[in-house]
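Keep in mind that this is a model prediction, so the values were computed, not measured. For ligands, and for the atoms within them, numbers begin at 1 and follow the listed sequence.
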Amino acid sequence: MAFDIEMIKKVYDNMTTRVDKAREIVGHPLTLTEKILYNHLWDGMPSQAFTRGADYVDFAPDRVACQDATAQMALLQFMHAGKTKVAVPTTVHCDHLIQAKVDAVTDLARAKTQSNEVFEFLSSVSNKYGIGFWKPGAGIIHQVVLENYAFPGGMMIGTDSHTVNAGGLGMVAIGVGGADAVDVMSGMAWELKFPKLIGVKLTGKLSGWTAPKDVILKVAGILTVKGGTGAIVEYFGEGATSMSCTGKGTICNMGAEIGATTSTFGYDASMGRYLRSTNRADVADAADKIAPYLTGDAEVYANPELYFDQVIEINLDELEPHLNGPYTPDLATPISKMKEEAIKNNWPLKIEVGLIGSCTNSSYEDIARAASLAKQVTDKNLKIKSEFTITPGSEVVRYTIERDGFIDIFDKMGATVFANACGPCIGMWDREGAEKEERNTIVHSFNRNFSKRADGNPNTLAFVGSPELVTALAIAGDLGFNPLTDTLINENGEEVMLDAPTGNELPPKGFDAEDPGFQAPAVDGSGVQVSVSETSERLQLLAPFLPWDGKNITGAKLLIKAFGKCTTDHISMAGPWLRFRGHLDNISNNMLIGAINAFNQKPNTVKNQLTGTYDAVPAVARAYKAAGVPSIVVGDHNYGEGSSREHAAMEPRFLGVKAVLVKSFARIHETNLKKQGLLGLTFATEADYDKIQEDDTINFTDLIDFAPGKPLTLEFVHADGTKDIILANHTYNAGQIGWFIAGSALNLIAAAGKA
Ligand code: MIC
Ligand code: SF4
């Protein structure tokens, strides 16, 4: 499991000369983000300054991490790349496929039986190609990465949007689709448009009820779910250095919820402490030696408006605990205003369940602080009013908090401890009664709260808060409760107040675990067999997508004009569908079933133009495909927000969709579409969205001249014979147009592998 200290030292050796060179070329002091990016150029020594938000740049990340739900497709693609071993250190983590129902032991045992075929596949592919494998039960990818692999100044990619969590240890860690991971695992460069930079200056210090989570909940309220698109967010100031490393991780984690490419913090003492307590004193020593290179230049932080594209300042002395939601993570409400807002909006005040943990918030500090509240339930003779669950982020955290008595405290309060896995955070929560679809409120310390995300019930209103606040609210059972000012009535009928939470940042006795759950790959994997059964409903070997025929696409039908929010959960739902993540044909049956049809405001009901009848989106797409008719999808703003899952791009590609035309895209999804050989386009004039009608037939008139920077022209022929000519912008560069021509980026890699 050992992280590669030699690799890290090499990164640091290069860093000083390359950063000095970059500063000279760029001509001004550098942010941490720029330092890390310029030290990870594919071509090595920097030789030109890049324009933010414009230039595509080739990078050389240090690591790759994949989780079970996305690794299946990533590895199925990697198997086509013609390589014997991964080119950079890579790990696979089994965390998404474990359903939370009873308790950790029962649930883990059931998951191992139910998903045995998939775990076996991932384990044998990992073994064969030199990939480190973290078994089911070892923990959630981002927590395990933070504990073992993240390092200040490093750059990594991961097939999960919350890979950004590693920014808490001063990395530039970016979520990508599986096809991007395949590039890097195959030894190729990884391309990214040089990001814009948002600086967040944190003044003051956290205290009392306010937690790192509240910083990001506040930022999400300011920037909204798309405010970070195309940008890296860099935090600095005394408020940053005074908080724990894992708290920084929480803030970076939820950077995914504002669409940011990633977020990061400069190296400081809290990171050194975290590295040392997770058995990586040698990394801390190496980082200490070049510490000024692992943070932004002093001049940058003194005059941030000169060096960042946007600056936000938050005073932690004044920051209130927040609750964000329901249905979107950017609807931020300070706790003192919650009661009023809830009544105004008719949100059910009774809290049914409080859930803490997940990759976002299950550090030792989080659990210790939540336990300090749970302890008051017994000490003050209270009774918890809601159900309460905990999903630890890793076996190391779980073992350590059990040893230190916290699990016992939660047990006494009547809590359930689920397996060290995603569970309720990704709809893998077999919540009793959810099928009745009753309107109800839950509070959790996870990151996402889209409709149906946790329990599949569209009428569950989920609010996101810090673990401390979630615990206090679950004790009170009341969304309108403000622990800073309100009292509770205990079992003796007395009025009591909860004391503000307290807890150690790191375990005084150190972290421990009997078995962290790691399996090292074979030194020589050439003899390892990977088998995929032809009759499997869970796994299916991939057939390459066909290359472009070189002609204009004509006679395409409108498959759906999606109305409003269309996240990757709307395009390719998780929860029960996670089981088909390795089987493209089967998972395609969930394509866009959550998207709302703009013409009838219904989900999963679109017109089949060939028959005139209404049917499910996947069924209509299959009908067009069978008839040899191309189709296109139209969408609104921030289309594809949320997850990195490339299934949201592979499914339309597989079912014959040729283009996705929207007002704007979320970054990862746009790249995923390009990689799979689809056309990801945006309206040159947003209002043209309104011109699109249900019976439209679409012709491209100049696709044959597809070129970088040149908009495409689409003709929308309406049922009455009239036409609208719509101009569509795109961001394809020459290489990406090559993916479209080849049918997919993978087709190009595979061809190079054979050559
Ligand atoms: C999520 O939080 O939505 C997920 C599930 O972790 C996804 C990945 C996936 O869909 O498998 C993500 O964030 O990328
Ligand atoms: Fe798992 Fe939830 Fe974290 Fe995604 S956000 S990795 S589903 S715990």
- Taking atom CZ of Phe545 and atom CG of Leu678, what is their separation to the nearest 0.5 Å?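 If we round to the nearest 0.5 Å, Phe545:CZ and Leu678:CG are 8.0 Å apart.
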- Item | Location of contacts on Gln67 toward ligand 2, heavy atoms closer than 4.0 Å |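 None of Gln67 does.
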- Task: Could you tell me whether His142 approaches ligand 2 through its side chain, its backbone, both or neither, with non-hydrogen atoms closer than 4.0 Å?
- Result: side chain
Identify the closest protein heavy atom to [atom]: which residue and atom is it, and at what distance?
atom                    : value
atom 8 (C) of ligand 1  : Gln67 NE2, 3.1 Å
atom 2 (Fe) of ligand 2 : Cys425 SG, 2.3 Å
atom 7 (C) of ligand 1  : Ser643 OG, 3.2 Å
atom 13 (O) of ligand 1 : Ser161 OG, 2.5 Å
atom 1 (Fe) of ligand 2 : Cys422 SG, 2.3 Å
atom 10 (O) of ligand 1 : Arg645 NE, 2.5 Å
atom 6 (O) of ligand 1  : Asp160 OD2, 2.6 Å
atom 8 (S) of ligand 2  : Cys359 N, 3.6 Å
atom 3 (O) of ligand 1  : Arg448 NH1, 2.7 Å

Need the ligand 1 atom indices (1-based, order shown) with element for anything under 4.0 Å from a heavy-atom of [X].
X      : answer
Thr70  : 9 (C), 11 (O)
Ala69  : 11 (O)
His96  : 4 (C), 5 (C), 6 (O)
Arg453 : 1 (C), 2 (O), 3 (O)
Ser644 : 12 (C), 14 (O)
Arg581 : 9 (C), 10 (O), 11 (O)

In terms of heavy-atom contacts, does [atom1] of [X] have more than 12 from other residues, nucleotides or ligands at under 6.0 Å?
X      : atom1 : result
Gln114 : CD    : yes
Phe563 : CZ    : no
Lys135 : NZ    : yes
Glu432 : CD    : no

- The side-chain hydrogen bond (donor to acceptor under 3.5 Å, both in side chains) partner of Asn165 among Thr246, Asn253, Thr250 is Asn253
- Message: Is it true that Lys213 and Thr360 share a donor-acceptor pair across their side chains at a distance under 3.5 Å?
- Response: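 On atom types as modelled, these side chains do not qualify, holding no pair under 3.5 Å.
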- Query: Any idea how Phe511 and Tyr274 line up, ring-wise: parallel (<30°), tilted (30 to 60°), or perpendicular (>60°)?
  - Reply: perpendicular
- Specify whether His669 and Tyr639 have parallel, tilted or perpendicular ring planes, treating 30° as the upper limit for parallel and 60° as the lower limit for perpendicular.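 If you compare the ring of His669 with that of Tyr639, the planes turn out tilted.
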- Strictly under 4.0 Å, does any heavy atom of Arg453 approach an atom of ligand 2?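 Yes, that is the case, since the closest heavy atom of the residue is under 4.0 Å from the ligand.
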- Minimum side-chain heavy-atom gap Gln676-Gln77 below 4.5 Å: yes
- Can you list the steps and then say if Glu395 with Arg398 is a salt bridge (Lys or Arg N to Asp or Glu O under 4.0 Å)? CA-CA 5 Å; Glu395 177 56 12; Arg398 194 210 58 80; 2.9 Å; yes
- Indicate yes or no: does Glu365 engage Arg369 in a salt bridge with an N to O separation below 4.0 Å.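 No, Glu365 and Arg369 are not salt-bridged.
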- Query: Thinking salt bridges, do Glu641 and Lys565 make one under a 4.0 Å N-O criterion?
  - Reply: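 Looking at Lys565 together with Glu641, the answer is yes, because their closest N to O distance falls below 4.0 Å.
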- Task: Mark up the atoms of ligand 2 that fall under 4.0 Å of a heavy atom belonging to Asn447, in ascending order.
- Result: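 Ligand 2 atoms under the 4.0 Å threshold to Asn447: 5 (S).
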- Item | Interfacing atoms of ligand 2 (cut-off 4.0 Å, heavy-atom, His96) |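 Ligand 2 atoms under the 4.0 Å threshold to His96: 1 (Fe), 4 (Fe), 6 (S), 7 (S).
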- His162 backbone or side-chain N/O/S under 2.8 Å from atom 2 (Fe) of ligand 2: no
